[in-house]
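For reference, the structure is listed below as structure tokens.
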Protein chains: 2
Amino acid sequence: MEIPPVVIERLPLYARVLEALAQEGREVVSSQELGQRLGVTPAQIRKDLSYFGRFGKQGRGYNVQTLLSALRQILGLDRQWRMALVGVGRLGRAIVQYEGFAPQGFRIVHAFDADPRIVGQEVNGLTVRDVSELEEVLAREPVEIGIVAVPAVVAQEVIDRLVRAGVRAILNYAPIAARVPRGVQIRRVDPVLALQSMTYYLRQVSNAQAAK
Amino acid sequence: MEIPPVVIERLPLYARVLEALAQEGREVVSSQELGQRLGVTPAQIRKDLSYFGRFGKQGRGYNVQTLLSALRQILGLDRQWRMALVGVGRLGRAIVQYEGFAPQGFRIVHAFDADPRIVGQEVNGLTVRDVSELEEVLAREPVEIGIVAVPAVVAQEVIDRLVRAGVRAILNYAPIAARVPRGVQIRRVDPVLALQSMTYYLRQVSNAQAAK
DNA sequence: ATCTGTGAAGCACTTCACAGCG
DNA sequence: CGCTGTGAAGTGCTTCACAGAT
């Protein structure tokens, strides 16, 4: 069965709330309550989960631990993922030092940069290598995921090289609409785009007020 | 006319590519070429733009400058937006120092933190204030947008305070599904969620190979 | 000859509403 | 009686396909 991409995007949210509930010691939760916590309709949660099986008990709801384990397994969060970072400038450095990846099983194991002043530096216990060694290093010690934090002009080229080196998923911090072959996953992290779509609605408000 | 939210989310992308084309000195561009650069169908671009007017010339395409100006005006990018950052830890510091906001007209004018060791520090020419002064400062010097980079446990509370202080748009870096009242815009910047939805597809590949 | 703008068709996602189980 | 799981209905978004402008 082909599962709608939007469903896959919501599962990590569900998992996150279930983790919080588990920590609170809750054993059971209804789609109603999950929905309330997430701002999603209960029907949507039930439908989403139904793509993967029957996890609930009628009249009761879902066992928090059971559902959490199921989601973690479905999403592949029950294992470690290795990542290679390309671009260790200001942004890249912040990414290496970000404490949010490791507890979720995502580990940066290589860091590359093109700037000779940065190559050789140690960042958070990781030695920055020259980006020219990318293919060689990834052949020896492969990773599943690439993180791109290089300037826009070279981002597409870096992404192409990562893909050719066998990386099947890319987290792209560069402000470009990168193209990847079918079968390769890519996600954009782009706060400026987020801001620019919000201002549309802010503008509307100003206009409505001006029209009064 | 009510414009589909997905359309609004794509407009900043169009604007970005048009900026690049303008810099290359291109005068005219077709929906076909725009689509190619963005990985979007030409029909979608034409349909999206048609919500706002008729910007193209049949047989020719779109004038790059004219369309760019129109989009900037529609999105409200033809003005400055003031932002307040809450949370000046490692992540917050990286946000203040990020050079990508200013050239797009987004300026951080206040920074708040709760940690007395951080309050009073100067970061990128900005003095960090105590978060208890948030309401007071925003009443005196309002901002349109709030940026939240605080720990998950306090994020919802901070967002509520920002909204009560008149902020109509929030960029949320905290890993929670925050709730805001109708009419307030919110966008999540959450690399971990992005990673966790990609691993679903990576897992599929491993499984397919294992099944051989 | 080329490329836009747009109704209409098609597809994807969400919500409804209720049978059925605990 | 409460809450799940799910076909069916409803909604929203995308793509088609072509008339019409240059």
For this session: Just say parallel, tilted or perpendicular for the rings of A/Phe101 and A/Tyr98, cut-offs at 30° and 60°.
Result: perpendicular
For this session: Identify whether the distance between the nearest side-chain nitrogen and carboxylate oxygen of B/Arg72 and B/Glu19 falls below 4.0 Å.
Result: yes
Exercise. Going by distance alone, is a donor N or O of one side chain under 3.5 Å from an acceptor N or O of the other, for B/Gln156 and B/Asp160?
Worked result: yes
For this session: Tell me yes or no: between the side chains of B/Asp48 and B/Tyr14, is some donor less than 3.5 Å from an acceptor?
Result: yes
Please state how far atom [atom1] in [X] lies from atom [atom2] in [N], giving the value in whole angstrom units.
| X | N | atom1 | atom2 | answer |
| --- | --- | --- | --- | --- |
| A/Glu33 | D/dC3 | CD | P | 11 Å |
| B/Asn63 | D/dT22 | CG | C1' | 15 Å |
| A/Ile8 | C/dA12 | CD1 | C1' | 15 Å |

Exercise. Looking only at side-chain N and O atoms, does A/Ser30 come under 4.0 Å of OP1 or OP2 in D/dC3?
Worked result: no
For this session: Return no unless some side-chain N or O of B/Tyr62 is found under 4.0 Å from OP1 or OP2 of C/dT2.
Result: no
Exercise. Just by protein heavy atoms under 4.0 Å, how would nucleotides 13-22 of chain C read 5' to 3' in B, S and -?
Worked result: SSB-B--BBS
Problem set entry | For A/His110 against A/Leu126, the heavy-atom pair lying closest together | C-CD2, 4.0 Å
Exercise. For B/Glu135, does the CD atom have more than 12 heavy-atom neighbours from other residues, nucleotides or ligands under 6.0 Å away?
Worked result: yes
